[in-house]
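All values below come from the heavy atoms of this structure, side chains included, with hydrogens, waters and symmetry mates left out.
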Amino acid sequence: LNKTAKDPISIQPIPVGRSLVRGMVFDLRIDFGFENVGHFYIKDFFMTDSAVFVMCCILYWTSVNGKLSKLLEKHPDGLRLQGSQKVASDLEVQNQKIEKEIFQKYEDREIKKIDVDGIRLELFENEYMSAWITFRRSGYEHIEKYYCGALHKNDFDFLDHLLKTFKE
């Protein structure tokens, strides 16, 4: 955004929390705020509901390209899994074990690690993300949530096995 904008845009990673993001936009500390669940807030249109903007983008895309299913044809979504478990005393150890196993299994692939309110690992084949896994504490319940997805069944099966081990 800063490369194409006429005015610089302030960017600051913060822990997840709607009140934090909204407060920072409202206090003019940031211009644009995103939550990892898809909510976003823009300084210039603070009272605009984020869903309205997303719907406008979808309508524009469909007017140019046709049905949304065409997007899936070009960019398959793959297999997905999500679940949760009660927060355990050794959760940090479990998370480190999962992370270590992924880095060992996929030492031949580029892996990006993102630490924001938990851990997300993204596995790449060339420039395309082919698999991902996320585990983080819930903001509302005393549970740890986990999610994963993969384009290839063998990657999905491996991540699924890791998460089943993680739940036990």
Side-chain angles (χ1 to χ4, degrees), residues 1 11-22 32-41 49-51 53-62 65-168:
L1 287 172
I11 300 170
Q12 178 180 350
I14 63 167
V16 173
R18 181 197 324 235
S19 60
L20 290 173
V21 175
R22 289 176 57 96
F32 209 50
F34 279 100
E35 292 182 52
N36 66 347
V37 295
H39 300 176
F40 63 90
Y41 309 92
D49 180 66
S50 59
F53 182 77
V54 171
M55 184 52 68
C56 290
C57 292
I58 291 170
L59 289 172
Y60 173 75
W61 195 93
T62 56
N65 299 293
K67 293 180 178 182
L68 280 178
S69 57
K70 286 186 179 180
L71 182 60
L72 189 58
E73 290 170 11
K74 289 182 177 181
H75 307 282
D77 199 24
L79 303 162
R80 293 179 179 263
L81 173 74
Q82 70 180 48
S84 64
Q85 74 167 16
K86 291 182 181 178
V87 175
S89 60
D90 65 343
L91 202 52
E92 189 69 29
V93 174
Q94 287 181 352
N95 291 352
Q96 289 172 356
K97 180 184 172 193
I98 290 171
E99 186 178 330
K100 182 180 177 183
E101 287 190 40
I102 290 172
F103 274 94
Q104 286 176 346
K105 167 94 172 159
Y106 297 108
E107 62 186 4
D108 61 330
R109 291 197 204 169
E110 176 189 1
I111 301 175
K112 292 183 182 175
K113 179 180 176 182
I114 303 165
D115 288 303
V116 177
D117 195 35
I119 294 175
R120 177 177 171 96
L121 301 174
E122 297 176 344
L123 290 76
F124 287 81
E125 291 179 22
N126 301 316
E127 72 265 18
Y128 296 105
M129 185 171 51
S130 59
W132 58 272
I133 184 170
T134 299
F135 33 99
R136 65 176 181 82
R137 286 193 179 196
S138 170
Y140 304 102
E141 302 170 87
H142 192 63
I143 59 173
E144 175 94 348
K145 293 187 173 187
Y146 54 86
Y147 314 86
C148 73
L151 294 178
H152 310 298
K153 183 161 179 7
N154 58 337
D155 291 338
F156 180 78
D157 290 342
F158 175 75
L159 296 174
D160 179 33
H161 171 74
L162 276 180
L163 291 176
K164 285 179 180 166
T165 304
F166 171 66
K167 286 173 55 174
E168 295 172 354

Within 6.0 angstrom of Glu107 CD, more than 12 heavy atoms from elsewhere: no
Value rounded to 0.5 Å, distance of CG in Asp160 from CG in Leu81: 5.0 Å
Option from Arg109, Glu122, His152 for which side chain to side chain donor-acceptor pair (under 3.5 Å) with Ser130 holds: Arg109
Non-hydrogen atoms of Asp155 and Ala131 that approach each other most closely: CB-CB, 4.4 Å
Residue pair Ile111 / Ile102: nearest heavy atoms and the distance that separates them: CD1-O, 4.0 Å
Test item: Glu144 and Asn95 side chains (from C-beta on) under 4.5 Å apart, heavy atoms: yes
Any residue meeting ring-ring contact (aromatic ring centres under 6.0 Å, His included) with Phe158, in chain and number order, not counting sequence neighbours: Tyr106
Any Glu99 side-chain heavy atom under 4.5 Å of Lys113 side chain: yes
For the student: nearest non-hydrogen atoms of Phe156 and Cys148, plus distance: CE1-SG, 4.2 Å
Exercise answer: donor-acceptor pairs, residues 55-62 side-chain atoms, under 3.5 Å, sequence neighbours excluded:
unit_1, atom_1, unit_2, atom_2, d
Thr62, OG1, Ile58, O, 3.1
Thr62, OG1, Leu59, O, 2.9

Heavy-atom pair of closest approach, residues Leu79 and Lys153: CD1-CA, 4.0 Å
Side-chain heavy atoms of Arg80 within contact of Tyr147, under 4.5 Å: no
Separation between CZ of Arg120 and CD1 of Ile133, rounded to the nearest 0.5 Å: 10.5 Å
Residue pair Phe124 / Met129: nearest heavy atoms and the distance that separates them: CD2-N, 3.5 Å
Validation row: Ile98, Leu121 side chains within 4.5 angstrom (heavy atoms): no
Interatomic distance, Ser84 atom OG to Phe135 atom CZ [nearest 0.5 angstrom]: 15.0 Å
Residue pair Thr134, Ile114: steps toward the side chain to side chain contact (heavy atoms under 4.5 Å, CB included) verdict: CA-CA 9 Å; Thr134 299; Ile114 303 165; over 6 Å; no
